[in-house]
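Taking it in order: structure first as structure tokens, then the write-up.
Below, all heavy atoms of this structure are taken into account, side chains as well, without hydrogens, waters or symmetry copies. Predicted model, so just to flag it, every value in this text is computed and none were measured. Below, read A as the first sequence line, B as the second, and so on, with proteins coming before strands; counting in each chain starts at 1.
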Amino acid sequence: MTAETLTLAATDGTATAAGLDPSSPLAVRGLTVSYGEKPALFSVDATFPAGAMSAIVGPNGAGKSTFLKAALGLIPAVSGEVRIFGAPLSAARDRIAYVPQRASIDWDFPTTVIDVVLMGRYRKLGLFRRVSRSERAAALEALDRVGMEAFADRQIGQLSGGQQQRVFLARALAQEAELYLLDEPFAGVDAATEKAIIDVLKSLKAQGKSVIAVHHDLSTVADYFDHVFFVNVRAMGEGPVDRAFTPGALAQTYGGRLAATHLDQLTLAGG
Amino acid sequence: MAAFLDALFLQAGYNAALVAIGAALLGFAAGTAGTFLFLRKRALVSDAVAHATLPGVGIAFLVMVAIGGEGRSLAGLLLGSALSAFAGLWLVEWIARATRLSEDAAIGAVLSVFFGLGVVLLTVIQTLDRGRQAGLEDFLLGSTAGMLLQDAMIIAGGGAAVVAVIWALRRPMTLVAFDPGYAAATGIDTRRIDLAMMGLVMAVTVIGLKLVGLILIVALLIIPSVTARFWTDRVERVLWTAGLLGAAAGYVGAALSASAPDLPTGPIIVLIAAGLFALSLLFAPARGVLAAILSRRRFQARVHRRQGLLALTRAEPIHDPLTIRILRREGLIRPDGVPTDEGRALAAKIARDERRWDIARQVHQDTSLTGRYDGLTPIEEVFAPDEIADFDARLGPPQPVGG
């Protein structure tokens, strides 16, 4: 029994009966993650729709990034079940592309933009196959889609934050996956980059791919996304943005931490 | 000198030639294995591993003597050193994981305790009758003296095996060093890759014990990769350049040592590697000291050029002699100070880019990038076309440039 198929009884004793939706690109049940004794996520259920753009929304420290990392098996879950298109994680690696937060990278690392994008092809290349011309062409095309083709031979430390983010998106594109998981893709990027990224994500959706992003800017949720999932340690609700993105759901997720004036400026369902 | 040249060109006998080739392979293995250590920022761990080999050497000798052997078999001694190096490495990991001590404290503790234990064992062995001729002190600083053909074969074969494994694992090891989170997301077991990396470092350390010695093997692991880093911005090139630098240091060092048997081999090899490092530090393009001085000079010229061109756009007179000299040299002004057509065109472009840069600085609160602005680097080299279009949109309609 591996960690990703481990199933414990849900705390309320109801949810484990039925199977997880196999058409969903990412479905989790009873996901609990704990760094210390206090859980970062507790018994979270979520089902994301296929072929849509979904936002994971919640206050700082609510476990948004933890949710993604646990879904990807990057940090161990205490309990819970994760299904990618109905399959366990180990069988679905080829269908997932991940864009992590930029924070942990050493920007003086000896690697160029094109080399970073080629890393997205490593899994397909395996250990021994050479980087062929067609691999290089695929990487350049991915760079072209994010508007960074002219920067292919730059060392990555020479780029701005937004450009670095575009390169990491290009690396995910080079994987040719079906599910794209992004951790705060718009954090600390300039307006032009935000637009470039959202255009790419929308084109992915147009190709029938699924996109799930941790998102912190509530003012753009309604513009960018189809589906929203609220989390604050526990799952606080999910659904199509035009129905689920309500003042009530926000108040419940953020508690008192969201100023009323801020709420006024948002495009909210039924508001 | 003649003896050195003989050794360098493999003319000093079959044994010496094989030792030199073995040293080259060891250097190549050390340089490549060390590259990932350096990129993963775990260079110090190798120091603990190296020092942890010493008690193993002593214990292996005692065991071999106790069971009636001669005690000098290199294979036996290396096996002992590998076991105690593994114990040291495991202890470092365990202390860092199970206690509140950080890894560097664990390294310091393990390194000194194992080394101390090893020195005590060696001292005890020296007092034994048979121990005196064992030559175990060679394991501290390395030696080519008295090396058997079989020993050289072990070194050469082990070095080649390490290089083969590194070649096979270069992609996952690169990915884990650069971006462990992403590597894990693509299904790479980062813990296993790290273990493989440390295993390779351990192998290099053990194989190199006799030739380089445990005190200086760390230098052969680290110096080639930091030297190679001066010359290139790409991982694979750093990797193979480090291998070649390590091989060169090993080969020349072993040849020198063979021609002067009193000199310990390890220090010679390390000094050669350090010489290559010093040359790179001074002369490497882009990252070297000399290049830094030159680029400071160029920067000065660029600043003056830009100020001069901005003065032209405002039709102000230029008085600074350096500025005049630079503009004259590039044919941007005539001897009487009047701008040429080319100068006028460039001034107009600079004036427009200047306004774009003003916007760019507001959009990117990013000093590392906007700090690169020197007025000469075309803005197209720093920003993507859509970013520039965004700046232009914020600038409003183009303004006529006054002549």
* **From CA spacing to verdict: side-chain contact (heavy atoms from CB on, under 4.5 Å), A/Thr193, B/Glu387** => CA-CA 8 Å; A/Thr193 295; B/Glu387 288 175 305; 3.9 Å; yes
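- Surrounding CH2 of B/Trp167 are more than 12 heavy atoms belonging to other residues, nucleotides or ligands, all under 6.0 Å away.
- Residues A/Ile156 and B/Phe178 meet the side-chain proximity criterion, which asks for heavy atoms closer than 4.5 Å.
- Taking 4.0 Å as the cut-off between side-chain N and carboxylate O, A/Arg171 and B/Asp179 count as a salt-bridged pair.
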* Step by step, work out the side-chain contact (heavy atoms from CB on, under 4.5 Å) result for A/Tyr98 and B/Thr186. => CA-CA 8 Å; A/Tyr98 172 51; B/Thr186 61; over 6 Å; no
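- We find the CE-OH distance between A/Met119 and B/Tyr182 to be 9.0 Å, quoted to the nearest 0.5 Å.
- Remark: B/Arg287 CZ is packed, more than 12 non-hydrogen atoms of other residues, nucleotides or ligands lying under 6.0 Å away.
- The two residues B/Arg394 and A/Ala191 have their closest heavy-atom pair at NH2-CB, 3.7 Å.
- Closest non-hydrogen pair, B/Ala168 versus A/Phe128, comes out as CB-CE2, 3.6 Å.
- With a 4.5 Å cut-off on non-hydrogen atoms, A/Leu68 does not touch chain B at all.
- Look at B/Arg40 and A/Asp106 and you find no salt bridge, because none of the NZ, NE, NH1 or NH2 atoms lies under 4.0 Å from a carboxylate O.
- Residues B/Leu39 and A/Pro110 meet the side-chain proximity criterion, which asks for heavy atoms closer than 4.5 Å.
- Of the atoms belonging to B/Ala393, not a single heavy atom falls under 4.5 Å from chain A.
- The contact between A/Phe151 and chain B is made entirely by side chain atoms (from C-beta outward), counting heavy-atom distances below 4.5 Å.
- Here the straight-line distance linking atom CZ of A/Arg123 with atom CD1 of B/Ile188 works out to 8.5 Å at 0.5 Å rounding.
- For the pair A/Arg154 and B/Val382, the tightest heavy-atom approach, listed with the atom from each and the gap, is NH2-N, 4.4 Å.
- A distance of 11.5 Å separates CD in A/Gln155 from CZ in B/Arg234, rounded to the nearest 0.5 Å.
- Taking CG of A/Leu127 as the reference point, atom CZ of B/Arg171 lies at 8.0 Å (rounded to 0.5 Å).
- Neither the backbone nor the side chain of B/Thr190 has a heavy atom closer than 4.5 Å to any heavy atom of chain A.
- Scanning both residues, B/Ala384 and A/Gly147, for their nearest heavy atoms gives CB-O, 3.5 Å.
- When heavy atoms are compared at a cutoff of 4.5 Å, A/Gln101 does not approach chain B at all.
- Within the 4.5 angstrom heavy-atom criterion, atoms from both the backbone and the side chain of A/Val131 approach chain B.
- Both the backbone and the side chain of A/Asp108 come within contact range of chain B, with heavy atoms under 4.5 Å apart.
- Looking at every heavy atom in both residues, B/Ala185 comes nearest to A/Leu74 through N-CD2, 3.4 Å.
- Using a 4.5 Å cut-off between heavy atoms, A/Leu118 does not touch chain B at all.
- With a threshold of 4.5 angstrom between heavy atoms, B/Val238 approaches chain A through side-chain atoms but not through N, CA, C or O.
- Across A/Tyr122 and B/Leu175, no two heavy atoms sit closer than the pair CD2-CD2, 4.0 Å.
- Remark: A/Lys195 does not engage B/Asp390 in a salt bridge, criterion side-chain N to carboxylate O under 4.0 Å.
- If you measure heavy-atom distances from B/Arg170 to chain A, the contacts under 4.5 Å come from the side chain alone.
- Contact count against chain B (heavy-atom pairs under 4.5 Å) is highest for A/Leu125 among A/Ile75, A/Ile96, A/Leu72, A/Leu125.
- For A/Val116, the part lying under 4.5 angstrom from a heavy atom of chain B is the side chain only.
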